[in-house]
Amino acid sequence: MNQEEELLSQLNDVQQRAVKQIEGPVMVIAGAGSGKTRVLTYRIAYMLTRGISPFQILALTFTNKAAGEMKERIFKLVGNSNAKAVSMGTFHSIFYRIIRVEGSRLGYNQNLTVYDADDTKSMIKSIVKEMQLDPKIYVANYIQNRISSAKSSLFSEEDYAQNPEIREADARSGKPLIADIFMRYNQRLKSANAMDFDDLLYYMNVLLRDYPDVLYKYQQRYRYILVDEYQDTNYAQYLIIKKLAAAYQNICVVGDDAQSIYSFRGADITNILNFKRDYPTCEIIKLEQNYRSTQNIVNAANAIIKNNKDQMYKEIWTDNAEGSKINILKTGSDTEEAFAIADAIFEIKVNEQASHSQFAILYRTNSQSRAIEEVLIKRHIPYKIYAGLSFYKRKEIKDLMAYFRLAVNHYDEESLRRVINYPQRGIGATSVDKLLNCAAEHHERMWNVLTHPDDFNLDVNAPTKARMTDFAARIQSYTALLPTTDAFDLAKHIAESSGIVSALREDPSDKDRIENIEELLDSIKAFTEREPESAFNEVTGELISTYFPSLDHYLETVSLLGDDDEKDDTEDKVKMMTIHAAKGLEFDYVFVTGLEENLFPSSLCVNTRKELEEERRLFYVALTRARKRVMLTYAETRYKFGSLQFAEHSRFLDEIPEKYLNTTRKASAGKGSFSKPEKPSFAKTHSFSVRTNPFSPAVRPAAPKPTVQTKTEAELAQIGELATFDQIVVNKRVYHNKFGYGVVISTEGFGDEKKALVAFDTVGNKTLMLKFAKLIIPK
DNA sequence: ATGGAGACCTTTTTT
DNA sequence: AGGTCTCCAT
């Protein structure tokens with residue numbers, strides 16, 4: 001067999017079609033677990049074996065991880081040398097490279113800095129302050145969102161300011177000045193020689209729109225274009241692809257409309273739904289065979305997604321075994337939910353000889369992880385939370401990187417403001433403010449005022465001025481070292497001479513931070529030693545022989561990196577993450593937790609059909625992560641923002657046909673540790689009551705009517721029996737003659753000294769001395 | 001200038 | 001509950 005035949009022999013018929021159709025527009029609808037990555041990588045490998053130049057191939061992904069994995073797999077198929085020259089990466093990283101080459105046309109210079117969400121947020125805050133607006137009305141997050149959505153839809157700041165709908169919407173929301181903020185925001189970015197993430201896409205569009213030679217160049221260069229996760233593209237991405245592909249029309253998009261879960265970030269599902277309209281001659285190939293999950297899981301997931309109106313027809317099926325039915329596990333509280341999960345993990349581990357690493361616990365929101373984490377610790381179950389704070393977002397890392405950035409780009413004001421007095425060097429807030437105002441008055445960059453204070457009559461005292469000059473000189477000394485000192489040596493030099501490390505050494509509690517800095521330096525070391533990933537001239541494809549691993553190159557590669565999330569599969573740990581984070585991954589045993597109304601679906605996403613359908617797709621994604629088994633859990637009570645909330649089970653649970661479930665959903669009386677004999681509970685009587693109005697401020701489900709008047713002995717007897725001290729345990733539902741219904745949160749002490757903290761539905765938390773408080777256990 | 005106490009605000013988030 | 005931000009007291 002030749003290489004080509006060998007590649008094809010490893011694919012099913014439909015996959016082969018998707019791989020072989022390399023000319024013309026192709027859309028591959030890849031159901032969950034249908035071998036999407038396989039098709040993409042084999043397609044590229046196939047093109048290479050057919051003699052297509054790797055320089056002509058552009059493969060776009062959403063995550064660095066996806067790009068990395070694909071690269072690795074292609075290397076394995078066709079060898080390093082050929083595959084390396086394929087332009088494969090995230091939208092942002094590929095366009096960032098092009099913008100660095102072409103940026104002078106946009107008024108940017110080579111040392112372009114990319115501002116991350118933290119940078120832009122702090123910039124917005126500072127603009128709001130500068131404009132003397134109320135930061136409680138002009139909330140940074142909100143403004144950030146408005147600007148980001150605008151840019152993703154290719155609205156310039158003028159478009160934004162002039163669009164009547166936008167003006168009206170902003171006026172109605174009491175924030176008529178967002179357009180002005182937007183304008184200043186862009187001015188600041190430009191003056192800082194910086195772009196935000198959205199700009200990388202926005203300006204790429206500008207280049208292709210306004211410079212026909214640029215359009216022509218990249219159309220000629222990228223004759224074969226592949227796009228992963230096409231359902232997640234926003235308008236800016238969509239249009240770039242469309243323009244680049246216009247000349248040769250060799251465009252292959254791969255995606256699954258059923259797994260579109262990022263519309264809140266501007267992803268536009270209509271891009272995939274309208275592909276046929278954009279490319280009437282396109283071939284549509286559906287990968288419908290699922291290789292991942294059992295029949296039960298596939299069928300249940302199909303049944304769920306059928307409830308969505310916006311979708312492309314497809315019939316996902318599998319040859320795999322029927323498999324276990326799905327378990328639904330109802331518990332009294334978030335803590336009980338966690339214990340039930342721990343029990344189930346233990347049981348499955350024993351019964352099916354599974355290892356911890358085969359389990360994943362998924363949730364809608366990160367905040368749900370804590371209760372689970374606490375219990376897993378108690379039960380000595382090793383776990384790893386994939387979440388939240390990226391390494392690069394840690395304060396000490398950002399601080400040090402700010403020095404790096406400033407050394408490369410003196411106009412990077414966010415970095416300048418961050419480190420001008422860190423570590424403390426006697427340039428306090430007042431002085432910085434003076435510097436800022438002075439720069440603003442003269443329409444000058446902060447850096448220029450800093451280095452020439454007298455030219456601008458900067459009003460600070462002589463010692464402060466000297467400290468400022470010192471600081472600038474220090475940064476300049478770093479800049480001078482850039483061309484000759486490699487990234488690691490310079491980074492190390494900066495870490496030490498800037499005083500960051502010594503400042504951290506002073507406080508023993510900062511030991512972790514020092515370790516993080518060491519870790520960063522290690523990774524920079526690895527960068528300097530690594531063979532350059534793309535030492536090609538982006539335009540000509542020429543090999544660049546004079547590549548030097550400098551700190552500015554390091555910043556270029558790292559500025560678009562999320563977390564390295566060493567997905568150490570070797571570690572035998574249960575994995576915990578949000579469902580969003582789980583997309584694209586698979587596990588043998590999957591717990592989907594918190595299946596409660598207002599949590600999943602989220603209370604913020606049930607107002608429109610589109611929102612609800614996205615939540616449903618999210619549920620679909622969650623289910624289809626599992627190879628062998630799915631366990632769905634929900635709790636009747638849960639702490640939310642510190643207070644106890646009652647919950648109904650999620651409507652999604654009702655959408656799973658009974659035949660795929662292990663137990664009847666109302667009374668989980670089956671065997672196995674998931675099921676608990678159902679005790680008379682609050683939820684049983686109330687969980688099917690009328691849904692609460694999502695618009696009403698009281699999100700919590702209807703609680704029993706507050707008892708204003710105290711009741712007689714006889715009436716109390718109707719409610720339940722007087723509790724003994726022993727019966728008062730955590731999560732127990734109780735009734736108090738004055739405070740009404742509540743749930744025990746914690747207890748303390750024993751016998752006559754025993755106290756209980758009770759969360760009452762109407763009057764909040766009370767600590768009660770049990771020998772005085774006559775608590776009743778409701779029937 | 002700096003730190004501690006209170007007020008405030010909470011989704012998901014590939015880049 | 002917990003993290004972040006602001007403001008006031010030192």
Side-chain angles (χ1 to χ4, degrees), chain A residues 60-68 89-96 114-122 125 129 135-136 139-142 144-145 148 151-152 195-202 228-229 231-234 236-237 259-267 334 362-368 370-371 374 386-390 392-393 395 421 424-432 464 558-563 565 577-585 594 598-606 611 614-615 617-619 621-622 638-645 699 745 759 765:
Chain A
L60 298 166
T61 65
F62 274 83
T63 64
N64 292 298
K65 199 171 128 205
T90 63
F91 284 87
H92 292 83
S93 69
I94 298 275
F95 301 147
Y96 181 30
V114 178
Y115 274 9
D116 69 16
D118 283 349
D119 299 322
T120 56
K121 194 164 154 184
S122 97
K125 282 182 181 167
K129 196 174 159 192
K136 280 170 196 152
V139 181
N141 274 330
Y142 181 85
Q144 204 172 20
N145 251 316
S148 175
K151 288 188 177 183
S152 312
M195 289 191 183
D196 64 19
F197 287 140
D198 300 305
D199 281 340
L200 297 174
L201 307 175
Y202 181 89
D228 190 17
E229 308 277 19
Q231 77 282 352
D232 288 336
T233 48
N234 62 29
Q237 290 161 325
Q259 293 184 65
S260 165
I261 55 174
Y262 282 105
S263 75
F264 69 93
R265 295 271 294 162
D334 42 8
L362 309 182
Y363 30 79
R364 180 66 177 77
T365 65
N366 279 308
S367 61
Q368 290 168 253
R370 178 159 338 126
E374 280 168 11
Y386 292 78
L389 262 215
S390 149
Y392 297 102
K393 282 193 177 151
K395 183 185 173 302
N421 196 34
Q424 283 164 25
R425 49 176 67 86
I427 308 174
T430 323
S431 308
V432 175
T464 307
V558 89
S559 58
L560 295 174
L561 233 53
D563 213 347
D565 238 358
M577 65 190 86
T578 63
I579 301 167
H580 283 91
K583 189 176 161 208
L585 306 177
N598 296 324
L599 179 60
F600 193 15
S602 159
S603 57
L604 297 154
C605 306
V606 290
E611 284 173 344
E614 176 143 319
E615 292 289 292
R617 289 193 294 269
L618 194 56
F619 187 44
V621 167
R638 179 179 299 278
Y639 279 96
K640 242 181 194 175
F641 308 139
S643 73
L644 196 71
Q645 308 266 303
V699 183
I745 293 175
N765 290 359

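The sequence lines fix the lettering, A, B, ..., with proteins before strands; numbering per chain opens at 1.
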Practice item. May I ask you to check whether A:Gln144 and A:Thr120 show a side-chain donor-acceptor distance below 3.5 Å? Key: yes

Point to revise | Atom-to-atom span, CZ of A:Arg425 to P of B:dA1 - whole angstrom | key: 15 Å

Study note, to complete from the structure: With sequence neighbours left out, the residues meeting salt bridge (Lys or Arg N to Asp or Glu O under 4.0 Å) with A:Asp198 are none

Detail all sub-3.5 Å separations between protein N/O atoms and N/O atoms belonging to nucleotides 8-10 of chain C.
none

**Study point:** Whole-Å gap separating C1' (C:dG2) and CD (A:Glu374)
**Key:** 12 Å

Review point. Expressed in angstrom and rounded to an integer, what is the separation of A:Tyr392 atom OH from B:dT14 atom P?
Key: 14 Å

Check your understanding: Could you state the NZ-P distance from A:Lys65 to B:dT13, rounded to the nearest angstrom?
Key -> 13 Å

Exercise for review: Classify every nucleotide of nucleotides 4-12 of chain B by which part a protein heavy atom approaches to under 4.0 Å, writing B for the base, S for the sugar-phosphate alone and - for neither, in 5'-to-3' order.
Suggested key: ------BBB

Review point. Who pairs with A:Asp232 by salt bridge (Lys or Arg N to Asp or Glu O under 4.0 Å), at least two apart in sequence or on another chain?
Key: A:Lys583

Check your understanding: Can you name the ring-ring contact (aromatic ring centres under 6.0 Å, His included) partners of A:Phe95, sequence neighbours left out?
Key -> none

Review point. Taking atom C1' of B:dT14 as reference, at what distance in whole Å does atom CG of A:Asp228 sit?
Key: 11 Å

Review point. Just by modelled atom types, is the A:Thr90 backbone N or O under 3.5 Å from a matching donor or acceptor in the A:Ser93 side chain?
Key: yes

Review point. Taking OH from A:Tyr202 and C1' from B:dT15, how many angstroms apart are they, rounded to a whole number?
Key: 19 Å

Exercise for review: To the nearest Å, give me how far apart CZ (A:Phe62) and P (B:dT14) are.
Suggested key: 13 Å

Review point. Looking at the rings of A:Tyr363 and A:His580, which for Trp means the six-membered one, are their centres under 6.0 Å apart?
Key: no

Exercise for review: Find the distance between OG1 (A:Thr61) and NZ (A:Lys65) and round it off to the nearest 0.5 Å.
Suggested key: 11.5 Å

Check your understanding: Nearest nucleotide by nearest heavy atom, which residue falls closer to the 5' end of DNA chain B, A:Ile579 or A:Gly428?
Key -> A:Gly428

Practice item. Indicate, with a heavy-atom threshold strictly under 4.0 Å, whether A:Asp232 touches base, sugar-phosphate, or nothing. Key: base

**Study point:** Backbone of A:Leu560 reached by a side-chain donor or acceptor of A:Asn64 within 3.5 Å
**Key:** yes

Review point. In whole angstrom, what separates A:Asp334's CG from C:dG2's C1'?
Key: 15 Å

Check your understanding: Taking the nucleotide of DNA chain B with the closest heavy atom to each, which residue, A:Lys583 or A:Asn421, is nearer the 5' end?
Key -> A:Asn421

Point to revise | Residues which pass side chain to side chain contact (heavy atoms under 4.5 Å, CB included) with A:Ser367, listed by chain and number, not counting sequence neighbours | key: A:Thr365

Check your understanding: Within the structure shown, what part of the strands sits under 4.0 Å from A:Lys121 by heavy-atom distance: base, sugar-phosphate, or nothing?
Key -> nothing

Exercise for review: Look at A:Arg370 and C:dG2 and indicate whether a side-chain polar atom (N or O) is within less than 4.0 Å of OP1 or OP2.
Suggested key: yes

Check your understanding: Using a cut-off of less than 4.0 Å, is there contact between a side-chain N or O of A:Thr430 and OP1 or OP2 of B:dA1?
Key -> yes

